[in-house]
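Just so it is clear: chains get the letters A, B, ... in the order the sequence lines come, proteins before strands, and each one is counted from 1.
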Number of protein chains: 2
Amino acid sequence: MNVLISRVEILKLVAHPARITILGELSKGVKCVSDLEGFLELSQPNISQHLAALRRAGIIDYFIDGKLRCYFLKNPIVVDILEILSKEYSGDLPGPECCPTTKKGTYPGKRDGNV
Amino acid sequence: MNVLISRVEILKLVAHPARITILGELSKGVKCVSDLEGFLELSQPNISQHLAALRRAGIIDYFIDGKLRCYFLKNPIVVDILEILSKEYSGDLPGPECCPTTKKGTYPGKRDGNV
DNA sequence: TTTTAATATAATAATATTTGAATATATGAA
DNA sequence: TTCATATATTCAAATATTATTATATTAAAA
């Protein structure tokens, strides 16, 4: 239903320590709620709340196995986000080349402190 | 200084419509605040606040050109995030193959509705 | 040197997110 | 049937984020 939720909304939802941890686990395979209770130092209701939010946004889904709900990743964007989160970056982006132009003004001027 | 801010914190900061728009613009080149006032239907102080938050986190930086502050991207993760946000994804991830195992239980059971 | 343009900062109000506590539901077992 | 287990839902309190308004800063221009 809510497949309309924008990418930024998805990013926002994913950008939470508990939810990233959950998604990281699910990226390794299906997990039920009590499996997740192992890793996360969160109450069961809170974990369920995070799972429900992720599911409402179409980011994960589950199948039912008896008393268990077995969650798994659904939205492929998650894989890419997780990859970025563990990627190594070397240094900052190169600063602007000399004399870039903005609509209102022109370089050069004093560069700020921490560059 | 705050280079310690974790990746998830960066993700969280970036996951805001105004800030994503700002970063998208900066990814095309240096922009000063009043340039940004063009695109964004936000007050000048609010734009400055978003810029300040992004700068505190080391995501962007600026140089000074007279009365202007010319902002540019600093953290390379932004480029990857922007790329993901405009990437095309075709369909959902494949569901779990038959009979994956969770610690607590085993497939199969009823699959949930929207798969 | 006063004024103006560009931008930043501070304080607050409005709103959203997060967690915790209590309770509900559903399923398999006894 | 009743019970226990696994999980979800609801509501409220605590907290964080966001936008607004007013004011401050800084540098160039007049």
Side-chain angles (χ1 to χ4, degrees), chain A residues 5-6 8-22 26 30-57 60-72 102-113, chain B residues 5 8-22 26 30-38 40-57 60-72 102-113:
Chain A
I5 294 192
S6 87
V8 179
E9 287 304 308
I10 286 177
L11 211 61
K12 184 174 163 186
L13 202 54
V14 162
H16 180 287
R19 290 194 291 263
I20 275 288
T21 308
I22 289 171
L26 296 186
V30 179
K31 292 279 181 315
C32 70
V33 179
S34 40
D35 291 340
L36 294 171
E37 287 185 67
F39 312 64
L40 300 164
E41 309 199 323
L42 295 175
S43 65
Q44 175 272 312
N46 196 8
I47 294 175
S48 271
Q49 284 166 341
H50 287 304
L51 290 169
L54 290 169
R55 201 174 97 90
R56 264 181 255 120
I60 63 177
D61 203 352
Y62 64 83
F63 59 78
I64 292 173
D65 176 8
K67 270 183 290 193
L68 309 176
R69 298 232 180 161
C70 303
Y71 283 88
F72 54 89
T102 68
K103 266 201 299 244
K104 294 293 191 73
T106 301
Y107 195 86
K110 295 168 245 155
R111 282 313 274 299
D112 187 60
Chain B
I5 293 191
V8 179
E9 286 304 309
I10 287 177
L11 211 60
K12 184 175 163 186
L13 203 54
V14 161
H16 180 287
R19 291 194 290 263
I20 275 289
T21 307
I22 288 171
L26 296 187
V30 180
K31 293 278 182 317
C32 69
V33 180
S34 41
D35 291 340
L36 295 170
E37 288 185 65
L40 301 164
E41 309 200 324
L42 296 176
S43 65
Q44 175 272 312
N46 196 8
I47 294 175
S48 271
Q49 284 167 340
H50 287 306
L51 290 169
L54 291 169
R55 200 174 98 88
R56 265 181 254 119
I60 63 178
D61 202 352
Y62 64 83
F63 59 78
I64 293 173
D65 176 9
K67 269 184 291 194
L68 309 176
R69 298 231 179 163
C70 302
Y71 283 88
F72 55 87
T102 69
K103 266 200 299 246
K104 293 294 190 72
T106 301
Y107 197 85
K110 294 169 244 154
R111 282 312 275 301
D112 187 59

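- Taking only side-chain nitrogens and oxygens, A:Ser48 never comes nearer than 4.0 Å to OP1 or OP2 of D:dT9.
- The phosphate of D:dT9 (OP1 or OP2) has no side-chain N or O of A:His50 nearer than 4.0 angstrom.
- Looking only at distances, no side-chain donor or acceptor of B:Arg55 sits under 3.5 Å from a matching main-chain atom of B:Tyr62.
- Looking at the side chain of B:Asn46, the nearest of the listed nucleotides C:dA8, D:dA19, D:dA6 is D:dA19.
- One interatomic measurement links the two molecules: CZ of B:Arg69 to C1' of C:dA5, which rounds to 14 Å at whole-angstrom precision.
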| request: May I have the step-by-step check of side-chain contact (heavy atoms from CB on, under 4.5 Å) for A:Ile22 and A:Tyr71, ending in yes or no? | output: CA-CA 10 Å; A:Ile22 289 171; A:Tyr71 283 88; over 6 Å; no
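- With rounding to whole Å, B:Tyr62 atom OH is found 18 Å from C:dA6 atom P.
- In terms of position on DNA chain D, the residue among A:Ile47 and A:Lys12 whose nearest nucleotide sits closer to the 5' end is A:Ile47.
- We find that CD1 of A:Ile22 is positioned 13 Å from C1' of D:dT7, with the value rounded to whole Å.
- Note: CG (B:Asp65) to C1' (D:dA28) measures 12 Å, nearest angstrom.
- Proximity of B:His16 to the phosphate of D:dA19: a side-chain N or O atom is located under 4.0 Å from OP1 or OP2.
- Judged by closest nucleotide on DNA chain C, B:Gln44 is the one of A:Arg19 and B:Gln44 placed further toward the 5' end.
- At whole-Å resolution of the value, CG in A:Leu11 and P in D:dT17 are 16 Å apart.
- Note: CD1 (A:Ile20) to P (C:dT18) measures 13 Å, nearest angstrom.
- With C:dA16, C:dT9, D:dT7 as the choices, the nucleotide that has an atom nearest any side-chain atom of A:Leu68 turns out to be D:dT7.
- Between A:Ser34 and D:dT7 there is a side-chain N or O to OP1 or OP2 distance below 4.0 Å.
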| Can B:Leu68 and B:Val33 be said to form a side-chain contact (heavy atoms from CB on, under 4.5 Å), step by step? | CA-CA 7 Å; B:Leu68 309 176; B:Val33 180; over 6 Å; no
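- Judged by closest nucleotide on DNA chain C, B:Glu37 is the one of B:Gln49 and B:Glu37 placed further toward the 5' end.
- Distances shorter than 4.0 Å separate none of the side-chain N or O atoms of A:Tyr71 from OP1 or OP2 on D:dA6.
- Atom CZ in A:Arg19 sits 12.0 Å away from atom CG in A:Leu40 (nearest 0.5 Å).
- Atom CZ in A:Arg56 sits about 12 Å away from atom C1' in D:dT10, given to the nearest Å.
- The separation between A:Leu42 atom CG and D:dT7 atom C1' is 15 Å, rounded to whole Å.
- Side-chain proximity of A:Pro45 to D:dA22, D:dA8, D:dA28: nearest is D:dA8.
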| task | Could you go through the side-chain contact (heavy atoms from CB on, under 4.5 Å) check for B:His50 and B:Leu42 one step at a time? | result | CA-CA 10 Å; B:His50 287 306; B:Leu42 296 176; 4.2 Å; yes
